[in-house]
Amino acid sequence: MTDIEPLAQAIVRGERRALARAITLVESRRADHRTAATALLERLAPTAPHALRIGLSGTPGVGKSTFIEAFGMMLCEKGLRVAVLAVDPSSARSGGSILGDKTRMEQLSRHPNAFIRPSPSQSELGGVARRTREAVSLCEAAGFDVVLIETVGVGQSETMVADMADLFVLLLAPAGGDELQGVKRGIMESADIILINKADGELRATAKRTCADYAGALRLLRKRVQDPEGYPLAMMVSAYEGTGLPEAWEKMQALAKWRRDTGHHDKQRQAQALHWFHEDVRQGLLAHLRADPAMSNAMARLDQQVASGARPPSAAAQEILAGLIATKSG
Ligand code: GDP
């Protein structure tokens with residue numbers, strides 16, 4: 001096994017090349033890399049400082065990269081160290097990645113305080129989740145103050161990012177009132193801050209209306225225990241002009257501070273850690289089942305029986321679990 005200690009120490013010193021190498025290690029599927037990655041995380045995670053983890057989601061074209069460039073630069077100029085990670089479920093299909101385009105975040109990528117990492121191409125969301133989560137931990141160990149986790153607004157990736165972030169920010173574009181329906185309720189419910197981007201020039205008036213619509217919609221949502229007065233909230237920004245960015249940062253910091261002071265931050269991190277622990281066990285068991293020919297045949301046979309209604313789901317599950325326990329003890 002590779003000795004992970006020198007790498008661990010280089011990460012703690014904040015060396016970006018070491019961090020990049022470590023992220024490559026956690027992204028690898030090779031068994032020996034996996035062992036080294038786990039050892040590295042066990043060595044680093046317990047003592048790593050907490051960064052502010054910000055999940056950022058929005059549909060393609062809403063201005064995510066423009067926003068991250070401007071927002072990230074603003075934070076870097078304040079002396080903060082900013083890491084940007086991306087989760088792009090579509091990269092599994094296309095083999096590309098949302099941060100793969102070299103022209104994205106050109107200024108930020110050159111800033112000495114910034115670290116930008118494109119999305120790994122992975123086949124399943126479960127794998128993407130684990131790798132992203134581990135990359136976040138590594139960035140924290142490297143002493144980054146803010147970790148931005150970007151995702152495109154499709155399907156489950158948003159829930160996944162919300163489940164690993166301290167704050168979840170939803171970026172929207174100015175649009176007619178009926179667009180409100182387009183945002184899934186679950187995503188609205190996990191948003192702490194909704195930013196209506198492109199509030200500039202001709203779009204400003206529309207942005208104002210959209211912002212008021214969302215502010216109204218947020219007020220109708222059930223109040224969550226982790227929210228102080230006035231949150232979740234909607235506000236306008238222009239990534240182009242930089243307007244609203246200092247205010248957005250202020251609101252994020254105020255929320256993060258409130259949650260730290262009231263214990264909600266720790267509670268949320270604990271709940272997330274347990275969620276991912278259980279999720280990994282579930283994923284691991286499924287992978288184990290699929291890798292065993294007899295078990296995967298049994299799964300396929302039971303799939304059919306359950307689908308046709310011949311067996312109830314619970315009976316089929318019991319058969320699989322009994323088989324699994326028998327394999328283990330046999
Ligand atoms: P992404 O796909 O969400 O990463 O979006 P981009 O950052 O690539 O931006 C999509 C388009 O919106 C580009 O043409 C940007 O120039 C434009 N855009 C981004 N931010 C703003 C903004 O604040 N105001 C205006 N007017 N356009 C913007």
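Owing to the predicted nature of the structure, the values given are computational and were not obtained by experimental measurement. Numbering of ligands and ligand atoms starts at 1, following listing order.
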(message) Between His264 and Trp258 (judged by ring centroids, cut-off 6.0 Å), do the two rings come close enough to count as a pair?
(response) yes
(request) Within a distance under 4.0 Å of any heavy atom of Pro60, pick out the atoms of ligand 1 and give their elements. (result) 2 (O)
(message) For atom 16 (O) of ligand 1, what's the nearest protein heavy-atom neighbour? Residue, atom name and distance, please.
(response) Tyr240 OH, 2.5 Å
(message) Tell me the protein heavy atom at minimum distance from atom 18 (N) of ligand 1, and give that distance in Å.
(response) Lys198 CE, 3.7 Å
(message) Tell me the protein heavy atom at minimum distance from atom 20 (N) of ligand 1, and give that distance in Å.
(response) Asn197 ND2, 3.2 Å
(message) Are Ser238 and Lys198 packed together at the side-chain level, in the sense that at least one heavy-atom pair is separated by less than 4.5 angstrom?
(response) no
(message) Using a 4.0 Å cutoff against the non-hydrogen atoms of Ser238, which atoms of ligand 1 qualify?
(response) 23 (O)
(message) Does the protein come close to atom 13 (C) of ligand 1 - that is, does one of its heavy atoms sit below 4.0 Å from that atom?
(response) no
(message) Which residue and atom name correspond to the protein heavy atom nearest atom 7 (O) of ligand 1, and how close is it?
(response) Thr66 OG1, 2.5 Å
(message) Just to verify, which of Asp166, Leu255, Leu52 counts as forming a side-chain contact (heavy atoms from CB on, under 4.5 Å) with His265?
(response) Asp166
(request) Please could you name the atoms of ligand 1 that Thr59 approaches to less than 4.0 Å, counting only its heavy atoms? (result) 3 (O)
(request) Specify the protein heavy atom at minimum distance from atom 10 (C) of ligand 1: its residue, its atom name, and the distance to 0.1 Å. (result) Gly61 O, 3.4 Å
(message) Keeping Arg16 on the side-chain end and Ala114 on the backbone end, is there a donor-acceptor pair under 3.5 Å?
(response) yes
(request) Kindly indicate whether the side chain of Glu140, heavy atoms from C-beta on, has any atom under 4.5 Å from the side chain of Arg53. (result) yes
(request) Using the ring of Phe144 (Phe, Tyr or Trp, six-membered ring only), decide whether Arg81 places NZ or CZ under 6.0 Å from its centre and within 45 degrees of its axis. (result) yes
(request) Could you pull out, from Ser65, Gly201, Ala239, the option with a heavy atom nearest to atom 8 (O) of ligand 1? (result) Ser65
(message) Are Arg117 and Val84 packed together at the side-chain level, in the sense that at least one heavy-atom pair is separated by less than 4.5 angstrom?
(response) no
(request) Could you list the atoms of ligand 1 found under 4.0 angstrom from a heavy atom of Asp200? (result) 22 (C), 23 (O), 24 (N), 25 (C), 26 (N)
(message) Can you check which of Ala207, Gly58, Gly63 brings a heavy atom nearest to atom 5 (O) of ligand 1?
(response) Gly63
(message) Please tell me whether Glu158 and Ser57 have a donor and an acceptor in their side chains that are separated by less than 3.5 angstrom.
(response) yes
